[in-house]
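See below for the structure under consideration.
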Amino acid sequence: MYKVMLVDDDYPVLELLSETIEWEKLGLTLQSTHENGASALDYALQEEMPDILITDIGMPKMNGIELIKQMKEKNPLIQVSVLSCHSDYEFTRQALLLQIQDYLLKDTLNPEDLTSVLTGLKKNIERENEKTKQETKLHQIASQNQESRKREFIRKTINQPTGQEKEWYEEARSYGFDVEDNRYIPALCFMQNYRMAKQLDQPEDQLVCSIQRVVQDVLETYETKGIHFAFSLKEFFLLFPYRSSVKSDCYGIMMECVSAIQRAVHSNLQLSLGCVIGEPVHSQSSFKREIEHLVKNKNQRFYIKAGAIEKKQPDARVTEGLFNWYDEAAVAMRRLIIERNQPQVKQTVHEWIERFASERYSFEAVKEWVLKLLLDVKMKLKALQFFNANYSEEVLHEEVFAIDTLDELSAWLTDYFDSLLAAVVEITSQTRRKEVLAAFQYVSAHLEKKITLEEVANHLFLNPSYFSRLFKKEVGETFVEYVTKAKMNRAKELLEQTVEPVGKICERLGYDNQSYFIKVFKSYEGITPIEYRGEHV
């Protein structure tokens with residue numbers, strides 16, 4: 001509802017209008033009544049500004065002319081109607097000069113007249129609101145079109161060969177930067193916690209617009225003449241003027257402005273931005289080369305800390321040595337999950353992350369390493385009958401490869417293993433005898449040794465014959481069959497992930513006779529270990 005303020009030093013008039021007008025029926029609310037202009041102005045400034053002002057002209061402390069003038073300075077769109085007498089002609093003339101919307105003569109005043117005036121004033125407000133809404137919409141469309149053109153300009157600059165310099169420089173100048181005659185420092189800002197962004201209520205295109213508004217507000221506040229270019233949903237460029245002078249700290253000013261943008265985006269949208277700063281550019285070719293490098297240097301962006309600002313580094317991607325400790329990591333994680341050791345699982349993930357960061361492995365290789373380990377762990381747990389996998393390989397692949405930073409990967413892995421542990425706990429607490437679960441854990445921990453039924457039964461303080469019947473009843477296969485299947489799955493892993501000879505693998509898995517091991521493997525897989533390795537390496 002629109003708010004109305006009544007001001008008149010004649011109290012009976014205030015009382016009459018307050019009580020006889022059906023405010024709610026008109027879609028209005030009587031905000032307040034006042035007997036002088038000073039009281040009305042103080043209320044409007046301290047409490048809330050009305051949408052409609054009905055005021056007398058001749059009043060003590062502050063007359064209606066001054067009240068209208070000051071109210072319109074604070075709210076130019078306020079609708080005003082004056083209550084006047086014939087003797088107030090000069091005041092009325094001054095009020096008309098202030099572009100009031102209507103006036104009423106007190107001598108002939110009746111509630112029906114005011115009702116009609118209020119209805120007209122309300123329609124004026126609605127027309128103004130609709131006009132403002134349309135203007136805002138047109139401005140947004142124009143702004144979005146401008147941003148779309150700027151985004152396409154950057155993309156074309158990166159993806160197309162250098163050429164047509166005259167047209168390129170003209171278009172660049174139309175966006176506010178003249179790289180032909182001036183130097184600029186480019187910076188690439190990028191969203192670091194996109195998983196959180198996806199959880200926000202607003203659609204992706206609105207999120208981009210929200211970030212653009214925040215960035216533009218900060219740039220205008222700092223008056224750096226910085227220029228903003230959206231590039232993708234997660235990325236945008238900033239260009240800052242650069243002058244090589246001892247009197248001008250261009251990098252310092254730019255970093256202060258970028259820090260303010262990071263704080264504003266985090267405060268308004270709860271999103272973290274990282275930033276990589278390039279070298280100064282002074283031509284079409286240097287501009288293209290620099291922003292292309294910033295976009296493609298994803299390895300540096302992968303390892304940058306949350307909210308950090310770094311200068312551009314060489315795009316070095318290390319892969320050597322990453323998979324040397326894979327097997328050890330996979331075995332350890334399977335054991336910890338089976339043991340439901342959540343604190344150690346988190347510590348192990350932390351150690352992985354620290355190792356990735358210290359070696360600066362290629363981010364693509366890190367994602368492949370993580371994805372392979374997750375799939376292997378899930379397959380092994382499923383083979384051990386701990387639970388059925390909920391994530392498909394495609395979904396898991398999509399989740400891992402959508403991660404852009406090491407910090408985000410760390411958080412994702414922690415959440416993932418928490419859910420995995422919860423699934424294991426749920427299954428183990430509901431559907432398995434404790435003795436069988438303990439047997440599973442024992443087999444997993446001693447898989448690379450010779451395991452006998454009697455050995456496990458003694459470990460569980462059970463009669464071997466009773467344990468054998470219990471296991472077959474609960475699992476649906478004999479204990480020997482279960483152990484053999486687990487060892488063959490482990491043999492396949494070793495054949496795929498190591499270069500150890502078949503004899504070494506046979507010995508490692510607790511088999512005394514290599515010929516027997518090969519026979520068992522072939523009966524289980526349909527081909528020999530050598531043939532399997534040839535197909536999978």
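The structure displayed is predicted, hence computed values, not measured ones. Residue numbers run from 1 in the order of the sequence given. Just so it is clear, the values below take in all heavy atoms, side chains as well, and ignore hydrogens, waters and symmetry mates.
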Using side-chain heavy atoms (C-beta onward) and a distance below 4.5 Å, is [X] in contact with [Y]?
| X | Y | value |
| --- | --- | --- |
| Phe471 | Leu453 | no |
| Ile337 | Leu421 | yes |
| Asn268 | Ser210 | no |
| His228 | Gln212 | yes |
| Glu455 | Tyr442 | yes |
| Lys346 | Thr414 | yes |
| Gln300 | Ile304 | no |
| Met333 | Trp352 | yes |

Report task. Go through Gln313 and Asn297 one step at a time and tell me if the side chain to side chain donor-acceptor pair (under 3.5 Å) criterion holds. Result -> CA-CA 8 Å; Gln313 300 173 3; Asn297 189 4; over 6 Å; no
Kindly compute the distance separating [atom1] ([X]) from [atom2] ([Y]), expressed to the nearest 0.5 Å.
| X | Y | atom1 | atom2 | answer |
| --- | --- | --- | --- | --- |
| Ile158 | His293 | CD1 | NE2 | 12.5 Å |
| Ser410 | Ile403 | OG | CD1 | 10.0 Å |
| Ile277 | Glu290 | CD1 | CD | 11.5 Å |
| Arg335 | Asn341 | CZ | CG | 8.0 Å |
| Tyr361 | Arg355 | OH | CZ | 5.5 Å |
| Phe356 | Lys367 | CZ | NZ | 12.5 Å |

Query raised in the report: Got a donor-acceptor contact below 3.5 angstrom from the Thr157 side chain to the Phe153 backbone?
Result: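 Yes; judged by distance alone, with no hydrogens or angles, the pair exists.
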Query raised in the report: How are the rings of Phe363 and Phe302 set relative to one another: parallel (under 30°), tilted (30 to 60°) or perpendicular (over 60°)?
Result: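 Aromatic pair Phe363/Phe302 classed tilted.
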Requested in this report: Determine, for Phe190 and Lys234, whether the Lys NZ or Arg CZ falls below 6.0 Å from the six-membered ring centre while staying within 45 degrees of the axis.
Outcome: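 Judged by the rule (NZ or CZ under 6.0 Å from the ring centre, within 45° of its axis), Lys234 is not positioned above Phe190.
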Requested in this report: Assess Lys311 against Tyr251: is NZ or CZ under 6.0 Å from the centre of the six-membered ring, and within 45 degrees of the ring's axis?
Outcome: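 Yes, a cation-pi geometry holds between Lys311 and Tyr251.
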Requested in this report: State whether a side-chain donor-acceptor pair under 3.5 Å links Ser465 with Arg469.
Outcome: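 Checked: Ser465/Arg469 side chains pair up, N/O donor to acceptor below 3.5 Å.
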Report task. Decide side-chain contact (heavy atoms from CB on, under 4.5 Å) for Ile505 and Phe521; before the verdict, give the C-alpha distance in whole Å, the side-chain angles of both, and the deciding distance to 0.1 Å. Result -> CA-CA 12 Å; Ile505 294 174; Phe521 186 94; over 6 Å; no
Query raised in the report: Under 6.0 Å from the CD atom of Glu328, do we count more than 12 heavy atoms belonging to anything else shown?
Result: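 No, CD of Glu328 has 12 or fewer neighbouring heavy atoms, counting only those of other groups under 6.0 Å.
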Report task. Tell me, yes or no, whether the heavy-atom count around Glu167 atom CD, taken from other residues, nucleotides or ligands under 6.0 Å, exceeds 12. Result ->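 Buried by this count: over 12 neighbours within 6.0 Å.
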Query raised in the report: Should Leu371 and Phe401 be marked as a side-chain contact (heavy atoms from CB on, under 4.5 Å) after you check the CA-CA gap, both sets of side-chain angles, and the distance that decides it?
Result: CA-CA 9 Å; Leu371 181 62; Phe401 279 85; 3.6 Å; yes
Query raised in the report: Among Val295, Leu294, Ile309, which one satisfies side-chain contact (heavy atoms from CB on, under 4.5 Å) with Val276?
Result: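 Answer after filtering Val295, Leu294, Ile309: Leu294.
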Sequence neighbours excluded and cut-off under 3.5 Å, please list the side-chain donor-acceptor pairs for residues 511-520, or say none.
{"residue": "Asn513", "atom": "OD1", "partner": "Ser515", "partner atom": "N", "Å": "2.8"}
{"residue": "Asn513", "atom": "OD1", "partner": "Tyr516", "partner atom": "N", "Å": "2.9"}

